[in-house]
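Below is one structure, written out as structure tokens, with a few remarks after it.
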Amino acid sequence: MNNRLGQKIEPYVWLLPSLILMAIFVVFPICIVFRIAFSEVSKSGLVGGFVGFKNFADAISLPAFKTVMLNTLYWVVSVVVLSTVIGFIVAMVLNQDFKGRKIARAIVVFPWATSLVIQASVWNYIIKYEYGNLNNILLNLGIIKEAINWRSSYQIEFIWECGVGIFVTIPFVTFCVLSGLQSIDKSLYEAAEIDGASFWDRLFNITIPLVKPSLTVATVLNIIYVFNSFPIIYTMTKGAPANKTDTLVTFLYMLNFYDRKKGPATALSVIGFLVLCLCSGIYMLGVMRKEED
């Protein structure tokens with residue numbers, strides 16, 4: 001009896017250190033943030049009494065709130081969808097046998113291994129109007145006759161930010177998918193070819209179904225990482241002009257540390273947390289239902 005009880009308890013004993021660390025560094029800070037979001041907070045950060053949903057009402061009533069939320073939606077959807085599609089294609093290419101494949105893989109992983117601040121700073125330099133590399137290359141090739149202002153409006157600047165986000169996210173998706181591709185038994189493709197299956201038949205009936213677990217993990221993590229991404233937008237524009245290129249993360253940072261509106265900033269962080277939980281939960285449920293069907 002004691003041995004059986006010990007066998008049942010043993011796994012939880014091994015998990016206990018991780019659970020304690022998670023409680024200290026994840027659960028406890030989340031509880032603190034929720035408490036602050038429903039409390040009065042001074043500009044110096046002192047937490048007062050309970051104020052209900054006042055901080056949330058103040059956050060939602062901010063003039064830039066709607067723009068920031070729409071920007072966040074555009075940012076997450078464009079970066080996650082396009083990086084997933086492109087990353088999948090790149091992974092398919094890198095899974096083939098060709099000369100220089102190892103070098104190609106090293107080149108693909110480079111943007112992911114480099115600091116996001118450095119990446120954003122380099123791209124800022126590339127698209128400079130006066131002395132940017134992009135204009136210099138196009139001028140030298142004779143493609144354009146005069147320098148182009150690649151940052152002529154905040155819409156174009158935001159598109160550039162999304163482009164940089166896609167560029168630095170592709171390697172993560174690529175190697176998640178590549179790990180799934182390499183686990184597929186090649187005999188399945190050989191049997192499909194013998195049966196006369198086309199490339200598209202093999203793609204939709206073998207590759208995608210078997211890679212789906214890796215793709216699911218990559219997508220969920222991508223949503224979380226991209227939603228919380230701060231360095232690219234802050235480095236490139238700092239949300240200028242007038243929060244037109246801000247996402248939720250950069251906006252609440254500016255609201256907290258520059259405008260000293262700590263209550264609404266904390267409320268926005270809670271809103272972001274709940275949105276992430278909702279999106280991840282819906283996506284995972286959808287995937288699980290499809291697998292059950």
Side-chain angles (χ1 to χ4, degrees), residues 30 33-34 37 53 55-88 116 119-120 123 127 150-173 176 215-256 258-259 261 264-287 289-290:
I30 290 173
V33 170
F34 269 82
F53 289 92
N55 289 327
F56 291 88
D58 291 343
I60 293 171
S61 63
L62 290 168
F65 178 77
K66 184 178 178 180
T67 300
V68 167
M69 294 305 290
L70 285 173
N71 283 350
T72 306
L73 177 63
Y74 297 148
W75 164 257
V76 174
V77 171
S78 63
V79 174
V80 171
V81 172
L82 291 176
S83 65
T84 299
V85 173
I86 298 170
F88 185 88
L116 292 180
Q119 293 273 1
W123 278 101
I127 60 176
W150 299 104
R151 311 178 75 166
S152 57
S153 67
Y154 70 85
Q155 293 96 333
I156 294 175
E157 285 203 298
F158 190 69
I159 290 171
W160 275 109
E161 288 175 340
C162 292
V164 175
I166 293 165
F167 178 74
V168 300
T169 308
I170 286 171
F172 172 72
V173 179
C176 283
L215 203 55
T216 300
V217 172
T219 303
V220 172
L221 291 178
N222 235 353
I223 292 170
I224 296 170
Y225 292 157
V226 173
F227 187 93
N228 289 318
S229 182
F230 176 84
I232 293 172
I233 292 172
Y234 187 78
T235 303
M236 293 187 75
T237 62
K238 290 186 171 64
N243 307 113
K244 295 292 186 180
T245 58
D246 259 326
T247 59
L248 187 64
V249 175
T250 56
F251 179 62
L252 69 87
Y253 174 84
M254 302 292 283
L255 198 65
N256 184 54
Y258 285 79
D259 299 337
K261 296 180 179 179
T266 308
L268 283 176
S269 68
V270 171
I271 291 172
F273 173 77
L274 295 176
V275 168
L276 270 181
C277 290
L278 180 63
C279 292
S280 301
I282 290 172
Y283 184 83
M284 291 299 293
L285 284 173
V287 171
R289 284 179 182 177
K290 286 182 180 178

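For the numbers below, each heavy atom of this structure counts, side chains included, while hydrogens, waters and symmetry mates do not.
N228 places a side-chain N or O within donor-acceptor distance of the main-chain N or O of I224, the cut-off being under 3.5 Å. Within the 3.5 Å criterion, the main-chain N or O of T266 finds a donor-acceptor partner in the side chain of S269. In terms of modelled atom types and a separation under 3.5 Å, the side chain of T235 and the main chain of I232 share no donor-acceptor contact. Side chain of W160 to backbone of W150: a donor-acceptor contact under 3.5 angstrom is found. For the pair N256 (side chain) and A265 (backbone), a donor-acceptor distance under 3.5 Å is absent.
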Determine whether F227 and W75 satisfy the following criterion, ring-ring contact (aromatic ring centres under 6.0 Å, His included), listing intermediate values before the conclusion. CA-CA 8 Å; F227 187 93; W75 164 257; over 10 Å; no
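Of the residues listed (T67, N71, T237, T250), the one engaging T245 in a side-chain hydrogen bond (donor to acceptor under 3.5 Å, both in side chains) is T237, and it is the only one.
The CG atom of L278 lies 11.5 Å from the CZ atom of F273; values are rounded to the nearest 0.5 Å. Here the CZ atom belonging to F251 is positioned 10.0 Å from the OG1 atom belonging to T72, to the nearest 0.5 angstrom. Interatomic distance, I86 CD1 to F167 CZ, rounded to the nearest 0.5 Å: 11.0 Å. Summarising the geometry, atom CG belonging to D259 is positioned 8.5 Å from atom CG belonging to L62; distances are rounded to the nearest 0.5 Å. One finds the OH atom of Y253 at 12.0 Å from the CG atom of D246 (value rounded to the nearest 0.5 Å).
Remark: F53 pairs with F38, F56 by the ring-ring contact (aromatic ring centres under 6.0 Å, His included) rule, at least two apart or across chains.
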